[in-house]
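Remember, it's 1-based here, ligands and their atoms both numbered in the order they're listed.
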Amino acid sequence: MMPSMMDVLPNGEETGDFFAVDIGGTNFRVILVSLSEKRGEVARFEMEEFAIPEEYFSCHADRLFDLLADSLVTFAKRYGFSGNRTAPVGFCFSFPVDQTAVDAGTMIKLTKKFDNEGFVGSDPVQMLQRAILRFKAPFKVVALLNDSVGTLAGACYEDPNAKVGVILGTGTNACYVEQVANIATLAKGSTKRQTMVVNTEWGNFTAASLPITEVDREMDETTPNAGEYHFEKMVSGMYMGEVARRIILRLAEEAQLFGPSVPDELRVEWALSTPAMSKIVEDGSWTLSRTAQILAETLHLPPSRCTYSACSTVKAVCLMVSRRSAALVAACLAGLLCHIGRDGSNGAMQETTVAIDGGLFEHFDAYREFLSEYMEQMLGPEVAAKVQLKRIRDASSMGSAYLAAAVTASSE
Ligand code: BGC
């Protein structure tokens with residue numbers, strides 16, 4: 001649970017041109033937003049998205065920041081930004097950061113696939129600013145934020161009921177608006193405002209009651225951040241496919257799922273991606289032919305080994321892993337809503353928006369249904385009906401630009 005130092009949220013009154021750089025999963029983005037004089041109107045929105053080249057997950061941090069700065073500068077030129085005056089940039093950096101100001105913080109650790117030297121202990125804003133300087137470009141990084149915070153900010157711009165921001169993508173996280181008086185770790189005098197967004201970093205949640213299995217532990221050992229982020233590893237898109245593969249492998253070894261021998265291909269770590277797994281979950285064909293096809297394409301299992309019975313077990317495993325993720329997310333979300341008094345326990349339940357961004361939520365239709373189902377179980381149908389799980393595409397990138405705007409406006 002970390003104060004984000006974000007005590008202003010955009011309200012649609014901001015105006016001007018703002019850039020954002022957004023990195024954290026498997027892609028990074030640069031965006032330009034022009035906010036017009038008309039309240040809430042986005043006059044212009046340009047965005048470029050790039051897959052992070054494989055070597056950048058383990059190179060020195062400086063190289064990664066050079067890539068970001070270079071992309072920002074090239075992008076700005078392409079869209080006719082003249083550079084006569086310094087442009088504000090919101091930096092969405094989706095890792096745990098000990099934030100000391102709206103535009104400063106210390107990187108705590110790396111997560112997901114990232115394993116770069118030179119990050120931990122440094123200030124991401126200074127690193128990006130230094131990289132921008134190397135390109136002699138007129139940008140000033142004015143806001144540093146987590147993607148969950150960007151998502152909430154993106155939603156607040158158009159929806160005053162937005163109180164929680166959630167990421168369900170490569171990684172997972174949530175943030176919410178907290179009363180400053182409740183934030184014990186915040187240094188006195190840090191803000192004059194009443195509320196601040198708290199980044200829960202729920203990916204690193206763990207508790208004796210979190211049902212971590214042997215399979216989870218085995219997978220954990222192969223990750224760059226072994227021993228940490230157990231919740232994220234049970235929930236998010238980077239890991240679900242791999243958890244399912246490991247269970248399927250066990251069934252092949254211990255219960256001859258694919259016949260007397262275990263197909264070697266099943267032993268290849270990370271071979272089953274979450275998108276492929278989600279297609280298996282959503283296979284509605286009578287014969288489970290789609291499942292057999294995916295097993296052939298991703299794990300190279302010959303069709304002769306993918307009997308109906310094997311496919312239906314594979315599907316059951318994928319379903320179980322997906323449902324487990326959705327149930328855990330619903331439990332934490334219900335806990336968060338309870339904490340902020342939006343669970344119906346304080347009398348009349350107010351309409352509440354949970355803004356959600358990330359590929360897992362966006363592309364996996366069945367997952368969204370599971371999540372709604374478990375939310376209803378946790379909160380009861382009447383309260384759950386007042387909680388809108390709102391999919392907000394590109395919210396973290398948009399929100400970063402809006403926050404750059406809000407921060408600029410509040411300091412003028
Ligand atoms: C990071 C969070 C981030 C989440 C979603 C996690 O691995 O620690 O800061 O918000 O992924 O991108």
Side-chain angles (χ1 to χ4, degrees), residues 1-6 20-29 49 51-52 57 61 64 68 90-99 105-116 119-125 143-155 164-176 197-206 216 219-220 223-240 242 274 325 328-329 332-333 336 354-364 367 391-400 403:
M1 304 283 279
M2 298 186 298
S4 71
M5 305 311 283
M6 218 49 83
V21 174
D22 181 351
I23 181 164
T26 45
N27 296 335
F28 71 95
R29 295 161 171 182
E49 182 163 9
I52 301 171
F57 287 101
L64 187 55
L68 298 181
F91 184 23
C92 182
F93 188 67
S94 310
F95 301 97
V97 170
D98 179 10
Q99 200 126 1
T106 308
M107 169 104 194
I108 300 173
K109 57 182 79 157
L110 282 166
T111 57
K112 296 167 274 200
K113 226 175 123 177
F114 292 82
D115 199 9
N116 315 68
F119 263 117
V120 176
S122 60
D123 180 344
V125 171
L144 170 69
L145 54 136
N146 186 264
D147 49 352
S148 58
V149 179
T151 298
L152 180 59
V164 177
V166 172
I167 302 292
L168 289 170
T170 310
T172 184
N173 198 3
C175 72
Y176 71 102
V197 179
V198 166
N199 169 10
T200 67
E201 273 297 319
W202 79 14
N204 202 19
F205 170 68
T206 195
D216 294 315
M219 181 192 67
D220 175 48
T223 59
N225 58 346
E228 298 181 317
Y229 279 73
H230 290 299
F231 181 74
E232 175 155 286
K233 290 170 187 169
M234 297 167 89
V235 160
S236 75
M238 176 165 163
Y239 309 96
M240 275 160 66
E242 173 63 2
T274 301
S325 161
L328 287 171
V329 170
C332 282
L333 206 45
L336 209 51
V354 174
I356 310 185
D357 194 10
L360 180 63
F361 191 72
E362 192 182 331
H363 304 299
F364 192 177
Y367 187 89
R391 177 166 137 206
I392 307 206
R393 249 180 112 185
D394 308 327
S396 62
S397 304
M398 293 293 280
S400 314
L403 270 174

Task: Closest to atom 1 (C) of ligand 1 (judged by heavy-atom distance), picking from Cys175, Ser94, Gly171, Gly237 - done: Ser94

Open item on the list: Just verifying a value: how many Å separate Thr170 OG1 and Glu232 CD, rounded to the nearest 0.5 Å?
Closed with: 9.0 Å

Open item on the list: Which residue and atom name correspond to the protein heavy atom nearest atom 6 (C) of ligand 1, and how close is it?
Closed with: Glu232 OE1, 3.0 Å

TODO: Could you tell me whether Lys112 sits above the aromatic face of Phe95, with NZ or CZ closer than 6.0 angstrom to the six-membered ring centre and within 45 degrees of the axis?
DONE: yes

TODO: Could you tell me which atoms of ligand 1, counted from 1 in the order shown, lie closer than 4.0 angstrom to a heavy atom of Asp147?
DONE: 3 (C), 5 (C), 10 (O), 12 (O)

Open item on the list: Over 60° means perpendicular and under 30° means parallel, so tell me whether Phe231 and Phe205 are parallel, tilted or perpendicular.
Closed with: perpendicular

Open item on the list: With rounding to the nearest 0.5 angstrom, report the CG to OH distance, Asn204 to Tyr229.
Closed with: 4.5 Å

TODO: Any chance you could measure Tyr239, atom OH, to Leu360, atom CG, to the nearest 0.5 Å?
DONE: 13.0 Å

TODO: Output the distance between atom CG (Leu64) and atom CG (Asn116), rounded to the nearest 0.5 Å.
DONE: 6.0 Å

Open item on the list: One residue to check: Thr170. Relative to ligand 1, which of side chain, backbone, both or neither has a non-hydrogen atom less than 4.0 Å away?
Closed with: neither

TODO: Please identify which atoms of ligand 1 are closer than 4.0 Å to at least one heavy atom of Ile167.
DONE: 5 (C), 12 (O)

- [ ] Before signing off on this row, confirm whether Ser148 and ligand 1 have an N or O atom pair separated by under 3.5 Å.
- [x] no

- [ ] May I ask you to check if ligand 1 and Asn199 share an N or O to N or O distance below 3.5 Å?
- [x] no

Open item on the list: Within ligand 1, which atoms have a heavy atom of Asn146 less than 4.0 Å away?
Closed with: 2 (C), 3 (C), 9 (O), 10 (O)

Open item on the list: If the cut-off is 4.0 Å to any non-hydrogen atom of Asn173, which atoms of ligand 1 fall inside it?
Closed with: 2 (C), 3 (C), 4 (C), 9 (O), 10 (O)

Task: Partners passing ring pair (Phe, Tyr, Trp, His ring centres under 6.0 Å) against Phe28 (at least two apart in sequence or in another chain) - done: Phe50

Task: Residue Tyr229 vicinity, atoms of ligand 1 by number, heavy atom under 4.0 Å - done: 8 (O)

Task: Enumerated ligand 1 atoms positioned under 4.0 Å from heavy atoms of Phe95 - done: 9 (O)

Open item on the list: Quick one, Lys233 and Asn225 - any side-chain contact, counting heavy atoms below 4.5 Å?
Closed with: yes

Task: For atom 11 (O) of ligand 1, the protein heavy atom that lies nearest, with its residue and separation - done: Lys112 NZ, 3.0 Å

- [ ] Give the intermediate values and the outcome of side chain to side chain donor-acceptor pair (under 3.5 Å) for residues Asp147 and Ser94.
- [x] CA-CA 5 Å; Asp147 49 352; Ser94 310; 3.1 Å; yes

- [ ] Please write down residue, atom name and distance for the protein heavy atom closest to atom 4 (C) of ligand 1.
- [x] Thr172 O, 3.6 Å

Task: Identity and separation of the nearest protein heavy atom to atom 9 (O) of ligand 1 - done: Glu201 OE2, 2.3 Å

- [ ] Could you verify whether a donor N or O on one side chain and an acceptor N or O on the other, from Ser325 and Tyr367, lie under 3.5 Å apart?
- [x] yes

Task: Close approach of Pro96 to ligand 1, heavy atoms, under 4.0 angstrom - done: yes

